[in-house]
Amino acid sequence: MSLVRRAIAMQARVAGLRRTGGYVQSSFMTTVPSLRGAALRPSMPPVAFQRQVHARAISTGSGMPKFMLRMVRLPLYGAAGVTGLYTYTNYKLDEIKGKLGGWLGSASDSASSLFDTVSSRSNDALDGARSGFNSFWARFQSNFQQARQDEEAVEKERPDSDEQPPNPDPNSNEGLLAAAAAALGASFNSGDNQQEPENPDEVPHPQPGSSEELMLLTRKLIEVRNILKSVDHDSDQLVLPSIVVIGSQSSGKSSVLESIVGHEFLPKGNNMVTRRPIELTLIHVSPGNVPDDGIVEYGEFPGTGMGKVTDFTRIQKVLYDMNMAVSREECVSDKPIELHIHSPHVPDLSLIDLPGYVQLSSMDQPEELREKIALLCNKYIQEPNIILAVCAADVDLANSPALRASRKVDPLGRRTIGVITKMDLVPAETGAGILNNNKYPLSLGYIGVICRAPEPVNHSVFSLKRSSVVQQIQEHERSYFRENAAAYQAPSHGRNAGIAPMIGTDKLRQRLMVVLEESMGSSLSGVSNLVRTELEDASYQFKVQYNDRQITAESYVTEVMDLLKQRFKMFSHNFGKPEMRLLLKNALDDKVMDILAQIYWTDGTIMQLTELGDKRRLSPSELSPEWLHKLDASTGALTKSGIGRISTQLVANTIHAQLEQLALAEPFNYHTETAERILAFGTALLKDRFTITADQVENCVKPYKYEVELDPREWEQGRKQSEALLKTELSMCNEAYERLRSAIGSRRLRGAMEYITQLEERERQRLAARIEVNDDPEALQALAQDDQNDPTRPGFNAALLSKAREARFLQDRADILKLRMAALRSRRCKGGPDQKVFCPESFLNAVADKLTYTAVMFINIELLAEFFYQFPREIDARLGYDMTKEDMLAFARQNPAIRKHIDLQERKLKLEEVMVKLQELGRMYQDKAPHRPPTQSKWRLF
């Protein structure tokens, strides 16, 4: 302890110490001969000077006296605090024990048990404090001797010169205090790698070889692995390894993962509940880097939109539901479930949990399920993945399905880690023998863990809080291995002589980090070359195909919406009053032709109408009321046919057809859902305006239902339009007749038409005969028999007769049209509106014109203008502004050409990001290289 007191006393003597560019200047230089000599020798060789400054910096530089004093006081305060706590605890327990003995005689056993437990734990704490202090004192003595030896070596290596400073006496006070300070600092640094930075604003970098550096490297490697996993590639080598956990259903595989995480989160059930691979990514969160929302420990399911899940019971429920979504017929699925867990209590690891092997087939687990699980596990345990084979200690390793499967793909055991669970179920010596790796050797070794809960404990009334199951398991594990520490010591002989078995979940975490980092590091050299090759190919393809033109989902959505609005604008410019007037007039012309055919163009009426028109001196007032009624009936059939609804429906159907055309045109033919939405809100707009428009048009044409007045100009225009309409109809009839004659043949068609005429004449005669013999059944039967036995009946089939009837109709219609066209050219029809009774074609056409103009005017105001105004705004509101980034990306990827562009662009960007991270890792290992022996260099990436 005299050395410690001397080191503490140095604090007052070095209070004026300060640094200036590597030189140490203070009044203390006059006291320490070695430092004084260093300051007075400017001609000292650089190497010797650097060595001397380095030797002195250990003992007196960087504020070491304050740091040394602080570190000396901490163990002393700790020991004093533990001693005081032990004394106070014993005192209080004695007092409690005495009171309980007087008050509750029946509870004396429980109080004694409580006292024994707390006393035992207090003794353990005191023993731990003593052991720690003894270890600290041993390290201090060892480092003190090493510091003295370094000091003597530096003095011996100094070159001879005329001005040699006096060598400090190793036994002198100054040298002794310097060596003590250096030894004390080294002793503390050997036990704790996290030193307090001089500048509190600077975040300390991880020390080389420390666990922080290992976690940082592993985290970077996992980031690279996750990016590579999202890159579409054909090469199986462009992947970084993960840790694949395999084992039988009763081996404790899930418990091992929950012990690593520190929470119960995996699905559990009586039957097999793990039916899909679970890709588990553990992300260490530093306690100092707390997110803005204050949530440090949480889980995430990427791609589901669930966000941060802080309740691990909910994570367990979500995993259970996702696994149970696999049908019983499918048994297992190879579609993985991604889960990221962020916590300060987990290391950075990439794990894959697979369904457990089925050892025995049964009704609920048939042989088919057993084979599917084996195939699924075999798919994931291929290179370069690391195999974590979980086996139970109470089962012979020869019967372990996990080890059998690993030997098939990894015969030498170079990438297999054995995890032996349930170590407390076998004697400690037996468990140590399993871990010594003699019977079934693995290059990465075996690790023994205990992941099952201890036996239930009767909690007393003094228990303040129940610890979680996982915490109880960890405490039980530490207690078990501590009690059996003698059995798990390093063997003195054999292949593992001097190597202690690996035990405990903490050791498992550390081992997994090291193995994963080494495995990923060994794969990075080949992966880096492949990434560079893939990046060059992607860059070349992107240059050739798209000229390095960047595209985003947002820009594509904007372009498509602008294209839709541009096409709709062209339609609105091309569909106005003239187009609506022509559309409605054609519909009314068809209506007029039907009315004329029903009222005037029958067999008897057409001849009477022609005869009346030929009588030039006959005035309309001299006609019979029957002809006047025919004209009123034809006009009412046109004006009272629901012009408002017909015209509005016609325009709405035209707009809807145009919308369908826009929705089916490229690129909307790739976006079926968007096309349906366009039609949906377009139809909704039309429906909203339909009733209002139809009622308005109907009200406006209502006067024409009672009286229609025409001036000579309107009559003449109607006559000309009617003549043109009949001419067009005649042309259509002639074309249809010529098509029939060309298809059937002139002679055959003429013969069929003559036969149709004979049949009609015979039908008239038969009808007259039936009337005469209607009361004589025998006469009717004889008449039918004569018709069947007619020898003159030709062999025409029903199809030919149907075509012949159609040809007869076209001929008759053509004859009527020719007759009425001649009447429209006559002087009678040119006489003006007064001749409407003799020329109903001209009158009805003029009425149709009036109805058309009136309907179009109000449809344009009430329907068309409103629709053309609202539709573009609905496009923005329902297709553009309400889409999230995910919706836009999904929309863009529906187009194959755009999807190919985006995929190649994302592939190029991801490969560039991977290369940046690989270069960063390369720089990290270059910085790490001076601290690593040359033979241990693993990554030669660049």
Side-chain angles (χ1 to χ4, degrees), residues 230-232 301-306 322 325-327 330 333-336 338 541-542 545-546 549-575 579 583 648-690 863-864 866-907 909:
S230 63
V231 174
D232 183 19
F301 291 91
T304 61
M306 295 181 61
M322 288 183 174
V326 180
S327 62
E330 191 178 0
S333 172
D334 59 353
K335 185 178 181 181
E338 292 189 21
Q541 295 293 335
F542 196 67
Q545 297 182 20
Y546 306 107
R549 181 174 64 89
Q550 298 285 338
I551 187 174
T552 61
E554 292 81 359
S555 64
Y556 175 72
V557 171
T558 303
E559 180 181 350
V560 170
M561 296 302 110
D562 290 343
L563 180 61
L564 175 62
K565 288 188 285 187
Q566 182 181 1
R567 292 176 179 176
F568 183 77
K569 184 178 181 180
M570 293 177 60
F571 167 68
S572 64
H573 287 170
N574 296 330
F575 188 75
E579 290 75 22
L583 183 67
T648 305
Q649 187 68 55
L650 187 62
V651 174
N653 290 342
T654 304
I655 296 176
H656 191 272
Q658 182 63 29
L659 292 181
E660 288 183 346
Q661 185 177 353
L662 293 177
L664 295 178
E666 193 176 1
F668 290 98
N669 55 332
Y670 303 116
H671 312 294
T672 56
E673 183 179 353
T674 303
E676 292 175 357
R677 293 180 64 186
I678 292 173
L679 292 176
F681 65 74
T683 304
L685 288 176
L686 293 174
K687 188 176 180 180
D688 290 341
R689 304 298 305 175
F690 181 84
L863 178 65
L864 205 62
E866 286 292 328
F867 183 80
F868 286 163
Y869 177 79
Q870 291 291 340
F871 187 77
R873 288 157 179 78
E874 291 293 327
I875 293 176
D876 292 334
R878 302 195 183 194
L879 296 182
Y881 298 145
D882 67 336
M883 296 178 69
T884 62
K885 290 185 177 180
E886 292 76 11
D887 296 337
M888 292 182 181
L889 182 59
F891 178 85
R893 294 183 66 85
Q894 291 174 357
N895 190 332
I898 301 301
R899 179 174 67 247
K900 183 179 178 182
H901 191 166
I902 292 177
D903 288 345
L904 183 58
Q905 177 178 300
E906 289 183 350
R907 176 182 174 83
L909 294 176

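Bear in mind the structure is a predicted one, so any value in this text is a computation, not a measurement.
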If you take the centroid of each ring, where Trp contributes its six-membered ring, are [Y] and [X] closer together than 6.0 Å?
| X | Y | value |
| --- | --- | --- |
| Y556 | H901 | no |
| F867 | F568 | yes |
| F575 | F868 | no |

Report the C-alpha separation of L664 and F668 in whole Å, then their side-chain angles, then the decisive distance to 0.1 Å, and conclude whether the side chain to side chain contact (heavy atoms under 4.5 Å, CB included) test is met.
CA-CA 6 Å; L664 295 178; F668 290 98; over 6 Å; no
For [X] against [Y], the heavy-atom pair lying closest together:
| X | Y | value |
| --- | --- | --- |
| E330 | S333 | OE2-CB, 3.8 Å |
| K900 | Q545 | CE-OE1, 3.7 Å |
| L563 | P667 | CD2-CD, 3.7 Å |
| Y670 | P896 | CD2-CD, 3.5 Å |

Have T552 and S555 got a donor and an acceptor in their side chains that come within less than 3.5 Å?
yes
When you compare the side chains of D562 and Q566, does any donor N or O come within less than 3.5 Å of an acceptor on the partner?
no
Find out whether the Lys NZ or Arg CZ of R873 is both under 6.0 angstrom from the six-membered ring centre of Y869 and within 45° of the ring's axis.
yes
How long is the span from the CD1 atom in I875 to the NZ atom in K565, to the nearest 0.5 Å?
6.5 Å
Kindly compute the distance separating CG (L685) from CG (L863), expressed to the nearest 0.5 Å.
10.0 Å
Test side chain to side chain contact (heavy atoms under 4.5 Å, CB included) on L662 and I678 and set out the steps.
CA-CA 9 Å; L662 293 177; I678 292 173; over 6 Å; no
Quick check against the 3.5 Å criterion: does H656 have a side-chain atom that pairs as donor or acceptor with the backbone of T683?
no
Test side chain to side chain contact (heavy atoms under 4.5 Å, CB included) on E554 and K885 and set out the steps.
CA-CA 8 Å; E554 292 81 359; K885 290 185 177 180; 3.9 Å; yes
